[in-house]
Participant: 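Shown below is the structure under consideration.
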Amino acid sequence: WPLRACATWACAALTACRRAADLLLATFPAQRSILAAGTHHGMAATSVLEPVVELYRVTGDARYLAFARYLVAAWDEPGGPAIVRTLLAERRVNKVANGKAYEMLSNLVGLCELARVTGERPLLDAALIAWQDIVDKRLFPTGSTSQHEVFQDDNDRRATMRLSVGETCVTTTWIQLNLVLLQLTGEARFGHELERSYYNHLTAAQHPAGGDWCYY
């Protein structure tokens, strides 16, 4: 019976995910641009990209792939974050929109997943450019990034308490980005950064009692 129960829960979870996605499809862009539904030039709203791609992989429903492509295209709408275009041209994450780190990294994870299912190399190239820029100019020696949740100027690695470094959301999405790049390329450099961030930042951010997490 445990296996039957697991199957039932999995089916229910997938149904719930599809209903949530179908609501997104019915709303954006039919009623309004998704950029208007979130902050940071729309990066917060379009960070649903990764789960939408995952839903396409699980179901094979072409509507979800089309919606994922819409999310990426929305980045280039007026006022949008222009994530891929800016990374390919500027090669610096702090030049993308307002530099908000967590939302941008979440979108890059989704971009990698889209590259996985479509084989479109420019999508992966943009994520690799972002990764290299972070490692070269914005990563603390301990393995996380950002001050006050934002990517800073080149080589600004000041790390005082007042600067609120290494937001745990940034740490988590940085780990996710390294994981998906490791899966896509098999290159050990991504595993190295994943482990460094995990041991020095993610585990360190957990409360010793195990029931809470530090914001920074």
Side-chain angles (χ1 to χ4, degrees), residues 38-40 43-44 46-51 53-54 81 83-84 86-88 90-116 123-216:
T39 53
H40 307 298
M43 287 194 294
T46 58
S47 66
V48 297
L49 177 60
E50 184 260 348
V53 175
E54 291 290 352
I83 296 175
V84 173
T86 304
L87 286 172
L88 293 177
E90 300 284 348
R91 309 185 76 84
R92 294 168 62 185
V93 292
N94 65 329
K95 293 296 184 180
V96 176
N98 62 350
K100 190 65 166 59
Y102 157 51
E103 286 81 358
M104 193 188 311
L105 288 170
S106 181
N107 277 283
L108 290 174
V109 172
L111 196 66
C112 289
E113 292 294 356
L114 185 58
R116 189 202 298 267
L123 305 183
L124 180 58
D125 287 343
L128 289 169
I129 288 169
W131 184 90
Q132 195 66 60
D133 178 59
I134 293 168
V135 169
D136 289 346
K137 300 175 182 176
R138 301 170 219 290
L139 198 67
F140 297 112
T142 45
S144 190
T145 184
S146 81
Q147 298 168 11
H148 297 295
E149 308 179 23
V150 174
F151 288 120
Q152 302 297 318
D153 292 335
D154 292 2
N155 302 310
D156 183 351
R157 296 185 175 93
R158 292 172 296 163
T160 66
M161 289 290 291
R162 182 178 60 82
L163 292 175
S164 299
V165 301
E167 183 199 15
T168 301
C169 294
V170 175
T171 297
T172 301
T173 45
W174 174 242
I175 288 172
Q176 287 181 294
L177 180 60
N178 277 283
L179 176 60
V180 70
L181 288 173
L182 176 63
Q183 293 170 338
L184 285 169
T185 69
E187 296 180 16
R189 57 180 175 151
F190 303 117
H192 171 72
E193 295 300 342
L194 186 160
E195 289 187 341
R196 185 154 64 119
S197 187
Y198 176 81
Y199 288 121
N200 290 333
H201 280 272
L202 189 62
T203 55
Q206 188 174 28
H207 189 279
D212 202 0
W213 294 85
C214 296
Y215 189 2
Y216 296 101

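Note that the structure is a prediction, hence the values are computed from the model and not measured.
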Participant: Report the C-alpha separation of Met104 and Val93 in whole Å, then their side-chain angles, then the decisive distance to 0.1 Å, and conclude whether the side chain to side chain contact (heavy atoms under 4.5 Å, CB included) test is met.
Facilitator: CA-CA 8 Å; Met104 193 188 311; Val93 292; 3.9 Å; yes
Participant: Given 3.5 Å as the limit, does a donor-acceptor pair link the side chain of Thr173 with the main chain of Cys169, or not?
Facilitator: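 Confirmed, Thr173 side chain pairs with Cys169 backbone.
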Participant: Can you find a pair of side-chain heavy atoms, one from Ser144 and one from Val165, that are under 4.5 Å apart?
Facilitator: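 When only atoms from C-beta onward are counted, Val165 and Ser144 do not touch, as no gap falls below 4.5 Å.
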Participant: Would you sort out whether Leu87 and Leu108 count as a side chain to side chain contact (heavy atoms under 4.5 Å, CB included), showing the intermediate values?
Facilitator: CA-CA 11 Å; Leu87 286 172; Leu108 290 174; 3.9 Å; yes
Participant: Would you confirm whether Gln147, through its side chain, and Arg158, through its main-chain N or O, come within 3.5 Å as a donor-acceptor pair?
Facilitator: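 Confirmed, Gln147 side chain pairs with Arg158 backbone.
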Participant: Do Glu193 and Leu139 make a side-chain contact, defined as non-hydrogen atoms from C-beta onward lying under 4.5 Å apart?
Facilitator: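 With C-beta onward as the side chain, the pair touches.
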Participant: Give a yes or no on whether the backbone of Pro141 and the side-chain of Arg196 come within a donor-acceptor separation of less than 3.5 Å.
Facilitator: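 Yes.
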Participant: Is Asn94 close to Gln152 at the side-chain level, that is, under 4.5 Å between some pair of heavy atoms?
Facilitator: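 Not touching, per the 4.5 Å side-chain cut-off.
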Participant: Looking just at side-chain N and O atoms, do Gln183 and Arg116 make a donor-acceptor pair shorter than 3.5 Å?
Facilitator: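 Short answer, yes.
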Participant: Whether the side chain of Thr86 engages the backbone of Ile83 through a donor-acceptor N/O pair (distance < 3.5 Å, no angle test) should be reported.
Facilitator: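 No; zero donor-acceptor contacts below 3.5 Å.
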Participant: Using the side chain to side chain contact (heavy atoms under 4.5 Å, CB included) rule, take Phe190 and Leu128 through it: C-alpha gap first, then chi angles, then the decisive distance, then the call.
Facilitator: CA-CA 10 Å; Phe190 303 117; Leu128 289 169; 3.7 Å; yes
Participant: Where do Gly166 and Phe140 come nearest, in terms of heavy atoms and distance?
Facilitator: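 For Gly166 versus Phe140, the nearest heavy atoms are N-CE1, 4.2 Å.
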Participant: Would a 4.5 Å heavy-atom cut-off, applied to side chains only, mark Lys95 and Phe151 as touching?
Facilitator: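 A side-chain contact is absent here, since even the closest heavy-atom pair is not under 4.5 Å.
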Participant: If I take atom CG from residue Leu105 and atom OG1 from residue Thr145, how far apart are they, to the nearest 0.5 angstrom?
Facilitator: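 Leu105 CG to Thr145 OG1: 7.5 Å, rounded to 0.5 Å.
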Participant: Do NZ/NE/NH1/NH2 and the carboxylate oxygens of Glu90 and Arg92 come within less than 4.0 Å?
Facilitator: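 No, no charged N to carboxylate O under 4.0 Å.
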Participant: Side chains of residues 207-216: which donor-acceptor partners sit under 3.5 Å, not counting sequence neighbours?
Facilitator:
residue	atom	partner	partner atom	Å
His207	ND1	Ala209	N	2.9
Tyr215	OH	Glu149	OE2	2.2
Tyr216	OH	Glu149	OE2	3.1

Participant: Output the distance between atom NE2 (His192) and atom CG (Leu182), rounded to the nearest 0.5 Å.
Facilitator: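 So the gap between those two atoms works out to 13.0 Å.
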Participant: Do Ile175 and Thr171 come within less than 4.5 Å of each other through their side chains, counting heavy atoms only?
Facilitator: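 SC-SC contact between Ile175 and Thr171 confirmed.
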Participant: Do the side chain of Gln132 and the main chain of Ala130 share a donor and acceptor less than 3.5 angstrom apart?
Facilitator: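 Checking the backbone N and O of Ala130 against the side chain of Gln132, no donor-acceptor pair under 3.5 Å is found.
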Participant: Which distance, rounded to the nearest 0.5 Å, do you find between the OG1 of Thr168 and the CG of Leu202?
Facilitator: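 The CG atom of Leu202 is 7.0 Å from OG1 of Thr168, to the nearest 0.5 Å.
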Participant: Any heavy-atom pair between the side chains of Trp174 and Ile134 that's under 4.5 Å?
Facilitator: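 Of all side-chain heavy-atom pairs linking Trp174 with Ile134, at least one is under 4.5 Å.
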Participant: Distance check, rounded to the nearest 0.5 Å: Gln176 atom CD versus Ser197 atom OG?
Facilitator: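 It comes to 11.0 Å.
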Participant: Between Glu167 and Ser146, what is the shortest heavy-atom contact and its length?
Facilitator: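 Reported closest heavy-atom pair: N-OG, 3.8 Å.
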Participant: Side-chain contact, heavy-atom cut-off 4.5 Å: Leu123 with Cys112?
Facilitator: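 No, side chains not in contact.
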Participant: Would Trp131 and Asn178 satisfy side chain to side chain contact (heavy atoms under 4.5 Å, CB included), going step by step from the backbone distance to the final call?
Facilitator: CA-CA 8 Å; Trp131 184 90; Asn178 277 283; 2.7 Å; yes
Participant: Against Leu124, only a single residue in Leu111, Leu181, Ile129, Val180 fulfils side chain to side chain contact (heavy atoms under 4.5 Å, CB included); can you say which?
Facilitator: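 When Leu111, Leu181, Ile129, Val180 are each tested with Leu124, the side chain to side chain contact (heavy atoms under 4.5 Å, CB included) holds only for Leu181.
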Participant: Quickly, which of Asp153, Asp156, Asp154 forms a side-chain hydrogen bond (donor to acceptor under 3.5 Å, both in side chains) with Arg138? Name it, please.
Facilitator: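 The option that passes is Asp154.
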Participant: Quick one: closest heavy-atom pair of Ala101 and Val170, and the distance?
Facilitator: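 In this case the closest contact between Ala101 and Val170 is CB-CG2, 3.8 Å.
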Participant: Taking atom types as modelled, is there a side-chain donor on Asn107 or Thr46 under 3.5 Å from an acceptor on the other?
Facilitator: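 Note: Asn107 and Thr46 side chains meet the donor-acceptor criterion.
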Participant: Taking only residues two or more places apart in sequence, or in another chain, which ones meet Glu103 in a salt bridge (charged side-chain N to carboxylate O under 4.0 Å, His left out)?
Facilitator: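 With sequence neighbours excluded, Glu103 shows a salt bridge (charged side-chain N to carboxylate O under 4.0 Å, His left out) to Lys100, given in chain and number order.
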Participant: Count the heavy atoms belonging to other residues, nucleotides or ligands that lie under 6.0 Å from CZ of Arg91, then report whether that count exceeds 12.
Facilitator: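 No, CZ of Arg91 has 12 or fewer neighbouring heavy atoms, counting only those of other groups under 6.0 Å.
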